Amino acid sequence: MKKMELHWQILIGMFLGILFGFAMTQISWGRDFVSDWVQPLGTIFVKLLKLIAIPLILASLIKGISDLKDISKFRNIGIRTIVIYVCTTIVAITIGLILVNIMRPGDGISQDTIDRLTTAYANDSGVTSKIAEATKQKEAGPLSFLENMVPDNAFKSMSDNKLMLQVIFFTIFMGISMLLIGEKKAKPLKKFFDALNDVVLKMVDLIMLTAPVAVFALLASVVVSSSDPDLLLALLKYAGVVVLGLFLMIVFYIIVVSTYAKINPFWFLKEISPAQLLAFSTSSSAATLPVTMERVEEHIGVDKEVSSFVLPVGATINMDGTSLYQGVAAVFIAQALDFDLGLGAQLIIVLTALLASIGSAAVPGAGMVMLVIVLESVGFPADKLAIGLALIFAVDRPLDMCRTIINVTGDATVATIVAKSVGKLGKPHVENWDDHLDEVK
Ligand code: ASP
């Protein structure tokens, strides 16, 4: 019997998870049951994915760079990647700003709704902690981004997933030095990292076997912890604008992939769909990274020389979905609270949302922290920040899930485009989890 494709298995898991979550909200002990007995399955899955992220970046980036044989190629890939990332992010913010200015979702929010949302969330720890974190980030100097990228202890960086950029820095440094000592001397190290890379990709295959059950658990927990449906309804128009913008970004990627890379965009979307579904279920591009890398390399055919750099860097600095959301959310809050935002202020939003998308961590809810900085950049009164965030907090988690899909799809699209532009887009070569099972037996 032909096995059901992975993305269908995951979709069924998600669907059943949502149904199960709703059913549990109807039972008095349902919420506790889900958080005690179901949620841990999802949490373990996310931990497993995060567990292999750093070894995967290390092994695959070293393999990618040491395969290059020529450093100028790396510079070429690096420059293209950063330029394309900046361009796609600007497209995303522009789409968001155009939509929110045309559809004006903030105008329809009544004072009563504002009051209800403020009472419900303005003092919520979720909101206050985001403001506190934003203040901390804002206090950092202008070059702190670069400063933070350089580690002073490689092992310390490797022991903290938040320090992914430091690991990337160290790995590139090491990879380039390996090129410089010559192929013969570097051979043992290269062989080691090649094998490590294969092993970690196999671990991704094995972890993905549990994905359908894990997404069931993740979605059931999201449903039982979601806000009052009434409040969600009041924010429907705002959420609709964000989702429409995100959808237009998918259309944009499809156009780019089909016209430039000349590949069937629907095939492209189908092949990366497990990564998109995980992005949705986990709300974290960092947790999804191992799967994105596996899909883009094995299923799309992007050479490791490109994907090993473009994807980990993208997971940390390229967040098209997040920046689109920040543009829409900032203007929505301004509209609802009658804070005037002229063209100049909106251009500032483009710039700060671009920087914010680079600075946002690839974890759930990070986009909202940076939204505080975006709001402050246009002079939004500090005493109204909590009210502003309270307005959008109720729908933040579902929107986070949606924008993370776009963040991951954007990375995969850019990896494909860069690969095509340097002649590194080849044939897919899928490895299944049980390819060598007979030898083991
Ligand atoms: N959750 C997003 C990500 O990991 C970041 C955000 O928008 O909050 O890509």
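Note that ligands are numbered from 1 as they come in the structure, with each ligand's atoms numbered from 1 the same way. Owing to the predicted nature of the structure, the values given are computational and were not obtained by experimental measurement.
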Enter the distance from L97:CG to L341:CG here, rounded to the nearest 0.5 Å.
9.5 Å
Salt bridge or not between K130 and D124? Use side-chain N to carboxylate O under 4.0 Å.
no
Which atoms of ligand 1 are found less than 4.0 Å from any heavy atom of R403?
6 (C), 7 (O), 8 (O)
Strictly by ring-ring contact (aromatic ring centres under 6.0 Å, His included), give each pair with a member in residues 352-373 just once, sequence neighbours left out.
none
Distance filter under 4.0 Å to V363 heavy atoms, resulting ligand 1 atoms:
1 (N), 2 (C), 4 (O), 5 (C), 8 (O)
N or O contact, A366 vs ligand 1, cut-off under 3.5 Å
yes
Out of T316, N318, D396, T404, whose heavy atom sits nearest atom 2 (C) of ligand 1?
T404
Option set G410, C402, G367, A356, criterion heavy-atom distance to atom 8 (O) of ligand 1, minimum
G367
Should you measure from each heavy atom of G365, which atoms of ligand 1 turn up under 4.0 Å away?
8 (O)
Under a 4.0 angstrom heavy-atom cut-off, which atoms of ligand 1 come close to T322?
5 (C), 6 (C), 7 (O)
Is it the case that T413 and T416 place a side-chain donor and acceptor less than 3.5 Å from each other?
no
Please list all pairs meeting ring-ring contact (aromatic ring centres under 6.0 Å, His included) that have one or both residues in residues 284-343, counting only residues at least two apart or in different chains.
F74-F309, Y238-F332, F339-F380
Any N or O of M368 that comes nearer than 3.5 Å to an N or O of ligand 1?
no
Which residue supplies the protein heavy atom nearest to atom 3 (C) of ligand 1, what is that atom called, and how far is it?
S285 OG, 3.1 Å
Look at K202 together with D198 and state whether they make a salt bridge at an N to O cut-off of under 4.0 Å.
no
Is it true that, when you exclude K73 itself, more than 12 heavy atoms of the residues, nucleotides or ligands shown sit nearer than 6.0 Å to its NZ?
yes
Show the atoms of ligand 1 that are less than 4.0 angstrom away from any heavy atom in S284.
4 (O)
